Number of protein chains: 2
Amino acid sequence: MTEQPRIPLSRRRVLRAAVALADRDGLGSLTMRRLAQEVGVEAMSLYHHVANKEAVFDGIVEVILGEIMAAVEHAEAPPPERDWQAALRAQILAARDVFLRHRWAPQVLESRSTTSPLVIAYYDHVVAVLRAGGFSYDLAHRALHVLGSRALGFTQELFTPDSAQPGEAGAGNGAADAGGHTAADAGAAELMEQMADQFPNLAGMLAEAVHNDPDGTLGFCDDQFEFEFALDLILEGLERRRTAGH
Amino acid sequence: MTEQPRIPLSRRRVLRAAVALADRDGLGSLTMRRLAQEVGVEAMSLYHHVANKEAVFDGIVEVILGEIMAAVEHAEAPPPERDWQAALRAQILAARDVFLRHRWAPQVLESRSTTSPLVIAYYDHVVAVLRAGGFSYDLAHRALHVLGSRALGFTQELFTPDSAQPGEAGAGNGAADAGGHTAADAGAAELMEQMADQFPNLAGMLAEAVHNDPDGTLGFCDDQFEFEFALDLILEGLERRRTAGH
DNA sequence: ACCTGAACACCGTTCAAGT
DNA sequence: ACCTGAACACCGTTCAAGT
């Protein structure tokens with residue numbers, strides 16, 4: 001409609017449209033029919049450029065990892081021989097920026113059963129940094145396990161002590177909307193008390209955090225701050241083991 | 001067929017069947033129709049006991065978290081006031097055992113958009129242990145972020161430097177089976193060389209690990225060992241920050 | 001109260017047919 | 001070579017009807 005279908009379809013164009021669609025409407029909206037519609041074609045035409053839907057997921061993982069590789073290359077960091085911690089830290093935070101632009105990407109990445117060669121290449125690069133920093137292969141191997149997905153710049157949070165995050169979350173046919181219209185008004189304090197009964201320790205944690213931050217400019221959980229705190233703790237622990245000669 | 005449908009259906013029985021089905025055939029086989037078949041009923045009958053499929057997923061998360069709570073309560077651990085590291089370590093490893101029995105559980109847990117009250121209760125207990133160990137609320141909060149899902153006993157591995165894991169992995173209509181019949185014989189060494197070219201650092205890591213373990217009784221990645229190494233590194237890092245008075 | 005059959009609105013995917 | 005329409009085999013779910 002809005003543009004004439006001049007350029008012929010290609011695998012690349014399909015995958016870029018898939019990424020854009022997931023960015024805009026969430027992963028649940030990424031169906032073959034919707035994707036076809038997005039590139040102005042019938043669903044079955046997609047199969048000339050991708051084998052099936054699994055291949056689409058593999059493809060968008062490739063796209064995201066391409067962005068990560070580019071971001072890592074352009075990151076400003078000291079040579080790892082001089083300061084491996086600063087070098088790895090800069091690389092990981094650069095990778096993290098990509099995931100902040102594509103919030104659905106961790107979920108897709110974790111859903112892949114066979115590891116993408118680009119993921120392997122990324123971890124190969126991490127090992128290169130560690131080796132340059134004086135790690136044995138053994139400790140480098142262990143470091144990969146300790147870092148886990150954090151090496152790529154994200155952690156899947158099971159539990160955010162923040163207020164409930166709104167918005168769509170998955171495939172979601174809108175449900176679970178009943179009886180929530182008192183949450184913002186008088187119900188807030190009541191809910192707080194209820195939580196204090198059931199989860200006294202978390203409630204205490206929450207109460208103190210609110211107290212410490214009266215201006216409320218920062219959220220209770222500043223994810224970026226927490227991510228860096230955790231990352232530094234791990235890097236420091238690894239350095240300690242390295243100098244201990246593991 | 002094999003047993004008469006004596007006892008009437010119940011939410012509890014539906015959820016236990018769902019867990020058993022996921023254990024046996026994988027998460028991809030968990031459809032409303034298959035589940036109904038499993039309890040000897042038509043698919044539509046399930047809707048008298050669960051609201052919809054999302055409710056089934058929420059339900060089996062409840063079941064697993066119930067198992068975890070029970071396992072944690074029966075774990076042998078010193079009182080956290082005396083040794084918080086040993087106490088938390090024992091709790092986390094007990095929780096981990098449950099996930100080792102239900103390999104699909106992490107994926108379901110991470111797919112939930114609203115955090116289960118049982119997950120909150122679990123993390124409340126973690127904070128209790130930390131508080132007893134002398135943590136400020138602030139540092140306890142940070143500890144939750146550092147631990148992430150590791151507090152529950154699992155880490156989602158993006159990349160296992162092991163040999164490719166076989167078997168089913170998801171919804172999987174069997175695909176990607178072409179041209180793999182030389183993997184076990186002469187192809188292995190060839191593949192090794194190919195990897196050495198593309199991923200020199202990982203290849204070096206792999207080569208040394210094989211050399212260090214000539215008997216081959218242990219895999220390259222002993223996950224339990226790695227999990228405990230990472231956990232101890234983190235616990236140690238947290239203790240260091242605690243005594244530093246954060 | 002609990003279960004059912006038929007039907008609806010979606011999926012991913014195959015196949016024979018168009019240009 | 002690339003795209004299409006109709007069809008198939010699955011989903012989750014609704015609804016009116018059975019006992």
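What you see is a predicted model, and the numbers here were worked out from it, not measured in a lab. Chain A is the first sequence line, chain B the second, and so forth, proteins listed ahead of strands; every chain is numbered from 1.
Following rounding to the nearest Å, B/R11 (CZ) and C/dA1 (C1') show an atom-to-atom distance of 19 Å. Atom P of nucleotide C/dA9 and atom NZ of B/K53 are separated by 21 Å, given to the nearest angstrom. The CG-C1' distance, from A/L46 to D/dT4, rounds to 12 Å in whole Å. Atom CZ in B/R13 sits roughly 13 Å away from atom C1' in C/dC2 (whole-Å rounding). The separation between B/M44 atom CE and D/dG18 atom P is 17 Å, rounded to whole Å. One can place CZ of B/R34 at 16 Å from C1' of D/dA9, the figure rounded to the nearest angstrom.
With rounding to the nearest 0.5 Å, the separation of CG in A/L21 from CD1 in A/I60 is 9.5 Å.
Sparse packing is recorded around CZ of B/R16, with 12 or fewer heavy atoms of other residues, nucleotides or ligands lying under 6.0 Å away.
Salt-bridge annotation for A/R12 and A/E62: absent, with no side-chain N of the basic residue lying under 4.0 Å from a carboxylate O of the acidic one. A salt bridge does not link A/D23 to A/R103: none of the charged side-chain nitrogens sits closer than 4.0 Å to a carboxylate oxygen. Taking a cutoff of 4.0 Å between a charged side-chain nitrogen and a carboxylate oxygen, B/R33 and B/E42 do not qualify as a salt bridge.
With a 3.5 Å limit on both pairing distances and Watson-Crick or G-U wobble geometry required, the stems of 3 or more pairs in DNA chain C span C:4-8 with D:12-16, C:12-16 with D:4-8.
For B/H49 and C/dC3, the shortest distance from a side-chain N or O to OP1 or OP2 is below 4.0 Å. For A/S45, no side-chain nitrogen or oxygen approaches OP1 or OP2 of D/dC2 to under 4.0 Å.
Where B/Y47 and A/V41 each meet DNA chain D at their nearest nucleotide, the meeting point lying more 5' is that of A/V41.
Comparing D/dC3, C/dT13, C/dT4 by their nearest atom to the side chain of B/H48 picks out C/dT4. Considering only the side chain of A/E42, D/dG5 comes nearest among D/dC3, D/dG5, C/dA6. In this structure, of D/dC3, C/dT14, D/dC11, it is D/dC11 that holds the atom nearest to the side chain of B/R33. Of the candidates D/dT13, C/dT13, C/dT4, D/dT13 carries the atom nearest the B/M32 side chain, counting heavy atoms from C-beta on.
Residues B/L93 and B/Q224 have side chains in contact (heavy-atom distance under 4.5 Å, counting atoms from C-beta outward). Contact of the A/H125 side chain with the B/F199 side chain is not registered, since no non-hydrogen atoms from C-beta on lie closer than 4.5 Å.
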